[in-house]
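One structure below.
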Amino acid sequence: MEAKGGMVAGSYKRNELVRIRHDSDGGPKPLKNLNGQICQICGDTVGLTANGDVFVACNECAFPVCRPCYEYERKDGNQSCPQCKCRYKRHKGTPRVEGDDDEDEVDDLENEFNYTQGTSAARRQWQGEDPDLSSSSRRESQHPIPLLTNGQPVSGEIPCATPDNQSVRTTSGPLGPSDKHVHSLPYVDPRQPVPVRIVDPSKDLNTYGLGNVDWKERVEGWKLKQDKNMTQMPNKYHEGKGDVEGTGSNGEELQMADDARQPLSRVVPISSSHLTPYRVVIILRLIILGFFLQYRTTHPVKDAYPLWLISVICEIWFALSWLLDQFPKWFPINRETYLDRLALRYDREGEPSQLAPVDVFVSTVDPLKEPPLITANTVLSILAVDYPVDKVSCYVSDDGSAMLTFEALSETAEFAKKWVPFCKKHNIEPRAPEFYFAQKIDYLKDKIQPSFVKERRAMKREYEEFKVRINALVAKAQKTPEEGWTMQDGTSWPGNNPRDHPGMIQVFLGHSGGLDTDGNELPRLVYVSREKRPGFQHHKKAGAMNALIRVSAVLTNGAYLLNVDCDHYFNNSKALKEAMCFMMDPAYGRKTCYVQFPQRFDGIDMHDRYANRNIVFFDINLKGLDGIQGPVYVGTGCCFNRQALYGYDPVLTEEDLEPNIIVKSCCGSRKKGKGGNKKYIDKKRAMTRTESTIPIFNMEDVEEGVEGYDDERSLLMSQKGLEKRFGQSPVFIAATFMEQGGLPPSTNPATLLKEAIHVISCGYEDKTEWGKEIGWIYGSVTEDILTGFKMHARGWISIYCMPPRPAFKGSAPINLSDRLNQVLRWALGSIEILLSRHCPIWYGYNGKLKLLERLAYINTIVYPLTSIPLIAYCTLPAFCLLTNKFIIPEVSDTPLFNVEYSILCAALVCCPLIHVGMELLFS
Ligand SMILES: O=c1ccn([C@@H]2O[C@H](COP(=O)(O)OP(=O)(O)O[C@H]3O[C@H](CO)[C@@H](O)[C@H](O)[C@H]3O)[C@@H](O)[C@H]2O)c(=O)[nH]1
Ligand SMILES: [Mn+2]
Ligand SMILES: [Zn+2]
Ligand SMILES: [Zn+2]
């Protein structure tokens with residue numbers, strides 16, 4: 001083989017290397033001068049071969065690499081020399097590697113590689129041989145999966161191999177010896193007396209709780225806390241907006257670097273050299289279309305009138321749907337974020353971080369369709385995210401109530417203790433191990449440290465063992481035992497019937513729930529499986545998300561929340577900070593309901609045969625919408641303002657209020673016209689933060705009759721009004737007042753947990769506004785479109801954020817039936833919205849939804865209907881042939897027509913082509 005690498009580094013000059021090769025080929029002559037050479041990958045000495053020669057990994061350039069590194073590279077790495085990139089040849093004494101083209105022999109590299117005994121077993125299993133052979137015995141040495149049982153009381157703590165405080169208590173039976181981290185719970189749902197146990201490793205989580213305090217005291221406490229919060233963070237929300245000169249009222253603010261006052265993002269206009277031709281083509285096409293339609297409508301075909309009529313109707317429909325598709329793309333924009341300014345403003349070195357708390361939601365249903373390993377990767381990427389650990393919580397919703405998901409999550413929590421510190425120490429990307437290790441590293445680029453190489457390898461082994469454990473769980477779960485699943489203590493798994501089971505919550509990790517291997521805290525990880533009972537609608541993902549909104553409000557109450565599908569991992573660990581560049585921006589924050597990131601996919605074949613990538617949609621349509629009122633919500637990779645999900649209105653005028661205070665006004669009793677609007681704003685202006693709490697203190701005077709009143713405040717701030725809106729949970733309602741997130745001040749921790757179970761009970765949403773006005777909106781399988789639409793109709797804007805490194809990546813359906821199914825589901829979801837009261841054609845004419853935004857929504861709702869004229873139009877030629885009639889007039893009489901029509905047709909055909917070409921130019 002020819003040495004083709006031109007790059008020869010440092011002292012390893014080509015001629016020298018050739019000499020080495022020569023020598024080493026030449027025979028047993030030891031190369032004294034090269035003894036003690038340092039491996040350029042791991043920093044160990046390269047070492048000698050059995051006959052005393054220096055080990056030479058690469059026969060082409062002799063780049064110094066020790067045997068373990070060489071073998072590792074051959075097995076798991078690039079399989080080629082880091083320097084000259086030549087493929088490594090099988091070395092003397094090296095066993096053959098699978099996939100080596102020379103010979104096919106059994107791979108017993110693990111004997112060569114210094115894998116431990118356990119790892120060897122692990123590797124064997126991982127490669128698919130006897131999946132549960134040693135896993136059960138190995139489990140003993142690993143951590144035991146905590147129990148979440150539903151039967152007999154557990155007398156004490158479950159013996160843990162790890163010194164965590166994870167433990168389980170019954171809720172119904174006698175309690176074991178008390179432990180400060182363990183809280184017992186009476187069961188909550190009175191309708192379904194099913195006890196649910198909760199593990200709560202985090203005592204801090206429980207310092208708050210509201211249940212026993214009466215309403216008035218609660219509100220009093222909340223007010224105090226709010227005031228305290230406001231004084232504690234003087235520079236957080238009192239700044240001027242964005243680029244406007246800050247009006248510093250205290251010394252600290254004056255000292256602030258100018259940079260900290262700069263806006264956290266900016267709009268990058270798309271150059272007019274790009275945009276103008278694009279628009280010109282649209283206009284041209286529009287004109288041609290006009291002529292064409294005019295000709296078609298004014299020249300009926302007498303002898304084939306029905307055919308002509310059908311074809312003209314189809315053509316008009318196509319023209320309209322094209323128009324609908326074009327205009328929302330008229331003002332595309334790009335955005336740029338400034339993470340450094342964000343850090344300067346909210347996350348300064350040596351000070352407690354002032355970044356807002358964020359709750360991240362992951363939704364799963366069926367672990368057999370959505371592999372637990374993928375979900376685990378998603379969770380790991382969240383736990384390792386680059387954000388203050390005490391401000392991130394991860395909630396996993398399990399709609400399938402599968403013990404497999406639960407156990408896999410437990411393993412994941414354990415593995416996170418090693419994985420998270422590794423990610424943070426070496427600042428790696430992406431932080432989902434499967435995808436990280438799939439990347440090959442280039443040892444000569446980025447000055448990779450030998451210590452890193454070793455730790456990476458050790459971590460990879462750990463990950464492989466983790467994979468084995470997960471795969472063993474999956475293998476075990478393939479066949480459900482007749483009597484259902486049983487937990488480790490012999491009690492049966494409460495979720496054995498996914499359609500009829502109690503709510504389950506388990507907290508992993510978090511404050512005192514086990515530190516990582518470096519002794520640092522980890523983000524909280526919470527398993528949630530909402531209650532399911534026959535006869536109750538569960539509303540699929542939307543219902544699951546709404547349950548999570550409530551649980552998270554009770555347990556951590558992040559000011560923002562981000563949701564991902566279980567197969568969408570954080571590909572960019574700074575994604576949360578990217579979102580905060582908008583959410584915490586004084587100018588944008590108050591009116592932004594969500595920040596949507598594009599959906600990107602792994603593992604799509606080069607030709608993208610099922611059009612999974614949706615390039616036109618994600619790189620053109622959404623950018624276009626961003627220039628109007630904001631992108632639609634696409635269901636995953638989206639960071640929400642919690643207050644927007646509560647159905648509140650944004651603060652629409654900028655000078656009126658202190659920044660970031662969202663005025664609570666009823667979305668039900670909407671304003672009337674322009675005249676009312678002025679009054680409306682005045683009212684808002686009058687409602688400063690402190691004033692807005694006043695109605696609460698007056699709530700005793702609030703009578704039933706007030707509801708008919710046109711006084712939004714009294715209605716909304718009344719306890720009754722709030723309960724009608726949010727459901728019967730005082731803890732949750734109190735949390736909705738915490739506009740900057742965090743838990744309200746309170747007392748009883750047991751109540752808090754009880755409340756968490758209460759808010760995921762299936763009857764909770766009865767007679768409330770959940771799914772109607774607040775949270776994820778029900779009524780369509782594409783709940784995402786509906787949810788985003790409701791917010792835009794209230795006047796919120798959304799932001800499209802495309803960091804250079806894609807924030808999230810997912811897996812897309814890559815077989816035809818799954819993909820067709822998905823597309824069909826989306827189409828049906830659109831039709832459901834079209835026929836619902838939330839149809840964008842009729843809904844929400846209050847002046848807050850911009851016209852072009854509405855057109856875009858109408859387009860996403862009516863597009864499936866295009867299939868009807870499309871089928872008709874495609875069958876027309878067949879009809880024409882059969883009946884020997886034609887849908888356009890005979891043209892023989894005027895040759896001019898002939899020419900004209902041909903040109904028109906050509907133009908109509910060419911325009912879309914030019915168009916698509918230009919759209920691709922954008923991306
Ligand atoms: O009862 C259910 C059904 C689904 N899901 C979750 O919802 C997500 C999306 O479901 P999936 O079947 O994967 O639908 P897709 O078509 O792949 O998802 C796209 O389309 C959906 C509907 O528009 C959006 O909700 C998703 O975010 C978007 O990725 C997944 O995480 C599921 O686990 C639930 O939590 N509960
Ligand atoms: Mn999916
Ligand atoms: Zn080495
Ligand atoms: Zn080489």
Side-chain angles (χ1 to χ4, degrees), residues 76-78 126 360-386 394 396 408 412 415-416 419 423 427-442 456 459-460 463-464 466-467 470-471 474 562-576 578 596-619 622 634-639 784 800-823 826 920 923:
D76 282 334
N78 300 307
W126 179 50
V360 183
F361 297 174
V362 180
S363 53
T364 67
V365 193
D366 182 353
L368 299 181
K369 288 213 197 83
E370 303 166 326
L373 190 62
I374 299 295
T375 309
N377 267 277
T378 303
V379 169
L380 287 168
S381 72
I382 294 167
L383 296 177
V385 76
D386 182 9
C394 175
V396 178
T412 308
F415 180 64
W419 174 248
C423 292
N427 214 357
I428 60 154
E429 295 280 5
R431 297 184 177 183
E434 184 69 28
F435 304 94
Y436 171 66
F437 288 120
Q439 295 175 340
K440 307 289 178 217
I441 50 175
D442 184 343
R456 182 183 191 272
M459 185 47 68
K460 184 162 179 181
Y463 176 61
E464 275 161 14
F466 167 72
K467 250 163 104 162
I470 297 285
N471 287 346
V474 174
L562 188 145
N563 94 287
V564 284
D565 289 358
C566 58
D567 52 7
H568 279 71
Y569 65 91
F570 276 62
N571 179 59
N572 180 339
S573 61
K574 297 208 175 341
L576 286 183
E578 295 278 349
Q596 176 68 56
F597 294 88
Q599 252 175 314
R600 302 287 184 214
F601 299 99
D602 283 316
I604 295 177
D605 61 314
M606 208 178 51
H607 306 291
D608 189 12
R609 77 182 74 176
Y610 302 126
N612 287 307
R613 265 192 251 277
N614 276 331
I615 291 181
V616 172
F617 179 73
F618 285 113
D619 294 80
L622 293 191
V634 300
T636 176
C638 187
C639 181
D784 41 3
Y800 195 44
C801 178
M802 301 177 82
R805 182 181 173 88
F808 301 92
K809 277 196 173 182
S811 1
I814 44 168
N815 64 65
L816 185 60
S817 73
D818 281 2
R819 177 64 172 152
L820 286 179
N821 228 312
Q822 185 183 45
V823 173
W826 289 349
L920 292 181
S923 45

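Starting from 1, each residue takes its place in the sequence as its number. Below, each value reflects all heavy atoms present in this structure, side chains not excepted, and no hydrogens, waters or symmetry copies.
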Exercise answer: donor-acceptor pairs, residues 801-813 side-chain atoms, under 3.5 Å, sequence neighbours excluded:
residue, atom, partner, partner atom, Å
Arg805, NE, Asn571, O, 2.7
Arg805, NH2, Asn571, O, 3.2
Arg805, NH2, Asn571, OD1, 3.1

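- The ring pair (Phe, Tyr, Trp, His ring centres under 6.0 Å) search around Tyr610 returns none, not counting sequence neighbours.
- Counting heavy atoms from C-beta on, the side chains of Leu576 and Leu562 come closer than 4.5 Å.
- Remark: Asn377 pairs with Leu373, Ala432, Pro433, Glu434, Phe435, Tyr463 by the side-chain contact (heavy atoms from CB on, under 4.5 Å) rule, at least two apart or across chains.
- Atom CD of Gln822 sits about 11.5 Å away from atom OG of Ser817, to the nearest 0.5 Å.
- For Asp565, the side chain to side chain donor-acceptor pair (under 3.5 Å) criterion is met by Lys541, not counting sequence neighbours.
- A heavy-atom distance below 4.5 Å is not found between the side chains of Pro598 and Leu622.
- Residues Ile470 and Pro372 share a closest heavy-atom pair of CG2-CB, 4.2 Å.
- Listed by chain and residue number, Asn78 satisfy the side-chain contact (heavy atoms from CB on, under 4.5 Å) test with Lys440 (two or more places apart in sequence, or in another chain).
- Of all heavy-atom pairs spanning Phe415 and Leu380, the tightest one is CD2-CD1, 3.6 Å.
- Atoms CD1 and CG, from Ile814 and Asp605 in turn, are 8.0 Å apart once rounded to the nearest 0.5 Å.
- Listed by chain and number, the residues in a side chain to side chain donor-acceptor pair (under 3.5 Å) with Asp818 are Asn815 (sequence neighbours excluded).
- In this view, Ala384 and Trp419, Val420, Cys423, Arg431 satisfy the side-chain contact (heavy atoms from CB on, under 4.5 Å) rule, not counting sequence neighbours.
- A distance of 12.0 Å separates NE2 in His568 from CD1 in Ile382, rounded to the nearest 0.5 Å.
- Distance check: Phe570 CZ to Glu429 CD gives 11.0 Å after rounding to the nearest 0.5 Å.
- Partner Thr412 forms a side chain to side chain contact (heavy atoms under 4.5 Å, CB included) with one of Val396, Thr375, Thr378, Val379 and no other, that one being Val379.
- For the side chain to side chain donor-acceptor pair (under 3.5 Å) test, no residue two or more places apart in sequence or in another chain qualifies with Ser363.
- Every residue two or more places apart in sequence or in another chain that forms a side chain to side chain donor-acceptor pair (under 3.5 Å) with Tyr436 is listed here: Arg456.
- The closest side-chain heavy-atom distance from Val634 to Phe617 is below 4.5 Å.
- Between Phe618 and Arg613, the shortest heavy-atom distance links the atoms CD1-O, 3.6 Å.
- With sequence neighbours left out, the salt bridge (charged side-chain N to carboxylate O under 4.0 Å, His left out) criterion links Arg600 to Asp619.
- Heavy atoms from other residues, nucleotides or ligands lying under 6.0 Å from CD1 of Ile604 number more than 12.
- Judged as a side-chain contact (heavy atoms from CB on, under 4.5 Å), and not counting sequence neighbours, the contacts of Val365 are Glu370, Asp399.
- Nearest approach of Gly635 to Asn563, heavy atoms of both residues: O-ND2, 3.0 Å.
- Residues Val385 and Ser573 share a closest heavy-atom pair of CG2-O, 3.2 Å.
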